[in-house]
2 protein chains.
Amino acid sequence: MKTKVRVVLADDHPVVRDGLAAMVNQQADMEVVAEAGDGDEAIALYEQHRPDVMVLDLRMPKRDGVSVVQRVLELHPKACILIMTTYDGDEDIFQCLSQGAKGYLLKDAPRQEILSAIRAVSEDRPYTSSTVAAKALQRMAKPSLTQRELDVLQLVAEGRSNKDIARRLSITEGTAKTHVKAILTKLDAISRTEAVAVAHKRGLIHL
Amino acid sequence: MKTKVRVVLADDHPVVRDGLAAMVNQQADMEVVAEAGDGDEAIALYEQHRPDVMVLDLRMPKRDGVSVVQRVLELHPKACILIMTTYDGDEDIFQCLSQGAKGYLLKDAPRQEILSAIRAVSEDRPYTSSTVAAKALQRMAKPSLTQRELDVLQLVAEGRSNKDIARRLSITEGTAKTHVKAILTKLDAISRTEAVAVAHKRGLIHL
DNA sequence: CGCTCTCTCTATCTTAAGAGGGAGCGAGGC
DNA sequence: GCCTCGCTCCCTCTTAAGATAGAGAGAGCG
């Protein structure tokens with residue numbers, strides 16, 4: 001038999017870490033070698049242990065999942081990272097996958113799916129949950145927002161007026177309106193409030 | 001030594017249930033007797049096992065935490081329920097506590113806090129996390145919304161216009177405006193979009 | 001019975017939002 | 001060089017939103 005698959009866990013909830021650790025360590029072919037509670041720790045522990053797989057929560061204190069994926073793959077292009085998150089609408093997921101994360105998993109997945117996802121990723125095979133695969137296809141058809149539009153959207157979501165947005169971004173109110181209009185068109189919304197609702201549903205913003 | 005504290009877990013994430021179960025069963029003085037994956041199951045398993053403590057996630061499929069608390073306490077007024085949730089801003093928490101839940105806990109709490117909370121609740125002592133206690137005091141000072149206002153707020157959050165809201169609630173646009181104005185005043189917001197942001201932060205609505 | 005609260009409706013007025021245009025300019029790709 | 005895209009700015013016009021103020025009906029309460 002080969003050596004065990006070495007796993008590093010990163011999640012800010014001790015309960016989730018315990019759950020994952022219990023599941024993994026019960027298996028004969030894998031073991032948890034370290035647990036991180038935030039993004040910085042996750043990177044540090046990857047460096048230290050060089051695991052076969054890193055299971056990573058998207059939302060964490062200090063440094064979110066996206067930037068952890070970015071950093072780790074920058075240092076170790078061959079790293080096998082399995083993303084784990086609560087919401088299947090998050091835009092972040094696609095950012096991670098396109099940056100090179102090997103797999104993606106919902107937190108409400110059953111034990112068997114979680115374990116088989118870890119095994120798949122450890123063998124460098126991509127694992128994509130079926131619900132996400134479907135969402136990914138849907139997303140392709142939809143227009144994406146530019147960085148500036150995302151900046152404006154964030155402020156809109158905070159309830160700022162066009163005038164206020166203009167002041168904060170050092171542009172004119174007219175330009176702010178132009179961006180807002182583009183956002184409304186791309187998100188297919190009639191009002192800014194609806195745009196916020198749509199954006200939140202798609203995981204473009206986190207309130 | 002007394003008999004062990006009998007615990008029923010209710011959470012829709014298998015990972016979290018595993019984690020809690022592992023933590024609890026490691027203790028000499030407590031044990032998990034059943035696990036539920038949704039609200040209905042939680043109620044059924046309470047009936048079946050009559051545990052000393054039920055640990056309950058607020059957000060679950062089929063029936064949410066609030067209504068589970070309501071139903072269980074209706075059948076068993078002495079039930080000891082410990083609420084567990086991810087977000088500390090949720091309005092629901094206060095509803096649960098005022099309905100008679102014995103304790104409240106954040107999911108990112110460390111092991112020791114979780115275990116001591118279960119012990120406290122099992123002895124019929126209330127357990128209140130310090131962050132929540134503070135929030136509760138803050139909340140007292142703030143004006144509460146009427147049911148009608150919450151109805152309107154929900155529609156506002158979905159991006160509906162005043163006219164649309166009026167149609168859906170079978171009232172005039174003027175009345176819808178009156179409600180929206182009241183909402184803005186109570187939430188201390190300038191625009192409806194800001195009101196949605198504030199309401200979401202306070203857990204008055206779930207997008 | 002008054003008092004308060006909620007919900008309903010009315011009216012007027014000001015301002016912000018959104019629709020529909022056009023246009024310049026720099027960066028990057030073909 | 002040409003073209004596209006992102007960002008910026010400008011114009012007009014219509015409508016929705018919000019501020020302000022008043023008022024009546026019904027429920028619940030001391």
Side-chain angles (χ1 to χ4, degrees), chain A residues 91 94-95 98 139-200 202 204-205 207, chain B residues 91 94-95 98 139-200 202 204-205 207:
Chain A
E91 177 72 15
F94 305 107
Q95 277 186 43
S98 65
R139 201 189 79 109
M140 294 299 178
K142 288 168 185 167
S144 58
L145 301 195
T146 66
Q147 185 54 50
R148 199 53 161 174
E149 283 160 0
L150 287 174
D151 297 341
V152 173
L153 177 59
Q154 183 63 44
L155 292 169
V156 169
E158 288 171 13
R160 310 287 171 197
S161 67
N162 290 332
K163 198 177 293 182
D164 204 352
I165 292 169
R167 220 177 307 123
R168 283 163 193 263
L169 298 181
S170 301
I171 55 180
T172 64
E173 187 184 347
T175 305
K177 277 189 164 189
T178 305
H179 289 312
V180 170
K181 215 183 306 179
I183 293 168
L184 294 184
T185 304
K186 288 184 178 179
L187 297 185
D188 193 30
I190 303 170
S191 68
R192 54 174 54 217
T193 314
E194 190 187 351
V196 171
V198 173
H200 185 265
R202 290 205 198 160
L204 291 168
I205 47 171
L207 301 177
Chain B
E91 177 72 15
F94 305 108
Q95 275 185 43
S98 66
R139 200 189 79 108
M140 294 300 180
K142 287 168 185 168
S144 58
L145 302 195
T146 66
Q147 184 54 50
R148 198 57 163 173
E149 283 159 1
L150 288 174
D151 296 341
V152 173
L153 176 59
Q154 184 61 44
L155 291 169
V156 168
E158 290 170 12
R160 310 288 171 194
S161 67
N162 290 333
K163 199 177 291 181
D164 205 353
I165 291 170
R167 221 179 305 122
R168 282 163 192 265
L169 298 181
S170 301
I171 56 179
T172 64
E173 187 182 347
T175 305
K177 277 189 164 187
T178 306
H179 289 313
V180 170
K181 183 73 184 73
I183 293 168
L184 294 184
T185 305
K186 287 184 178 178
L187 296 185
D188 195 28
I190 302 169
S191 68
R192 55 174 56 219
T193 314
E194 189 186 353
V196 171
V198 173
H200 186 266
R202 290 204 198 160
L204 291 169
I205 47 171
L207 301 178

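Naming: A, B, ... by sequence-line order, numbering from 1 per chain.
- Taking atom CD of residue Glu194(B) and atom P of nucleotide dG18(D), one finds them 11 Å apart after rounding to whole Å.
- In this structure, the CD atom of Glu173(B) is 12 Å from the C1' atom of dG18(D), given to the nearest Å.
- In this structure, Leu187(A) places its CG atom 13 Å from P of dG18(C), rounding to the nearest Å.
- Nearer the 5' end of DNA chain C, as judged by each residue's closest nucleotide, is the contact made by Ser144(B), out of Ser144(B) and Ile171(B).
- Residue Asn162(B) has no polar side-chain atom (N or O) positioned under 4.0 Å from OP1 or OP2 of dA16(D).
- Of the side-chain N and O atoms in Thr146(A), none sit less than 4.0 angstrom from OP1 or OP2 of dG6(D).
- Of the inter-residue distances, the one linking Ser170(A) atom OG with Ile165(A) atom CD1 reads 13.0 Å to the nearest 0.5 angstrom.
- When heavy atoms are screened at a 4.0 angstrom cut-off, Gly174(A) is found touching no nucleic acid atom at all.
- As rounded to whole Å, 12 Å separates atom P of dT12(D) from atom NZ of Lys177(A).
- Atom-to-atom, CG of Leu155(B) to P of dA17(D) comes out at 13 Å; the value is rounded to the nearest Å.
- Of the possible polar contacts, one joining the Glu194(A) side chain to the Ile190(A) backbone as a donor-acceptor pair under 3.5 Å is found.
- Across dG18(D), dG18(C), dC9(C), the shortest atom-to-atom separation from the side chain of Leu184(B) is found for dG18(D).
- Across every non-hydrogen atom of Val196(B) and Ala157(B), the tightest pair is CG2-CA, 3.6 Å.
- Listed nucleotides: dC7(C), dG18(C), dT8(D). Nearest to the side chain of Arg192(A): dG18(C).
- Of the side-chain N and O atoms in Ser161(A), none sit less than 4.0 angstrom from OP1 or OP2 of dA16(C).
- Put simply, CD1 on Ile165(A) is 15 Å from P on dC7(D), counting in whole angstrom units.
- An OP1 or OP2 oxygen of dC7(C) is reached within less than 4.0 angstrom by no side-chain nitrogen or oxygen of His179(B).
- Of all the heavy atoms in Ser144(A) and Lys186(A), the pair that sits closest is O-NZ, 3.1 Å.
- Atom pair Ile190(A):CD1 and dA17(D):P shows a separation of 10 Å (rounding to whole Å applied).
- Atom-to-atom, NZ of Lys181(A) to C1' of dT15(D) comes out at 14 Å; the value is rounded to the nearest Å.
- Here Lys163(B) lies in heavy-atom contact (under 4.0 Å) with sugar-phosphate atoms only.
- With DNA chain D read from its 5' end, the first of the two nearest nucleotides for Ser170(A) and Lys186(A) is the one closest to Lys186(A).
- Applying the 4.0 Å criterion to OP1 and OP2 of dC7(D), one finds that Thr175(A) has every side-chain N and O outside that range.
- Residues Leu155(A) and Leu169(A) meet the side-chain proximity criterion, which asks for heavy atoms closer than 4.5 Å.
- Using a 4.0 Å heavy-atom distance criterion, Thr178(B) is classed as a base contact.
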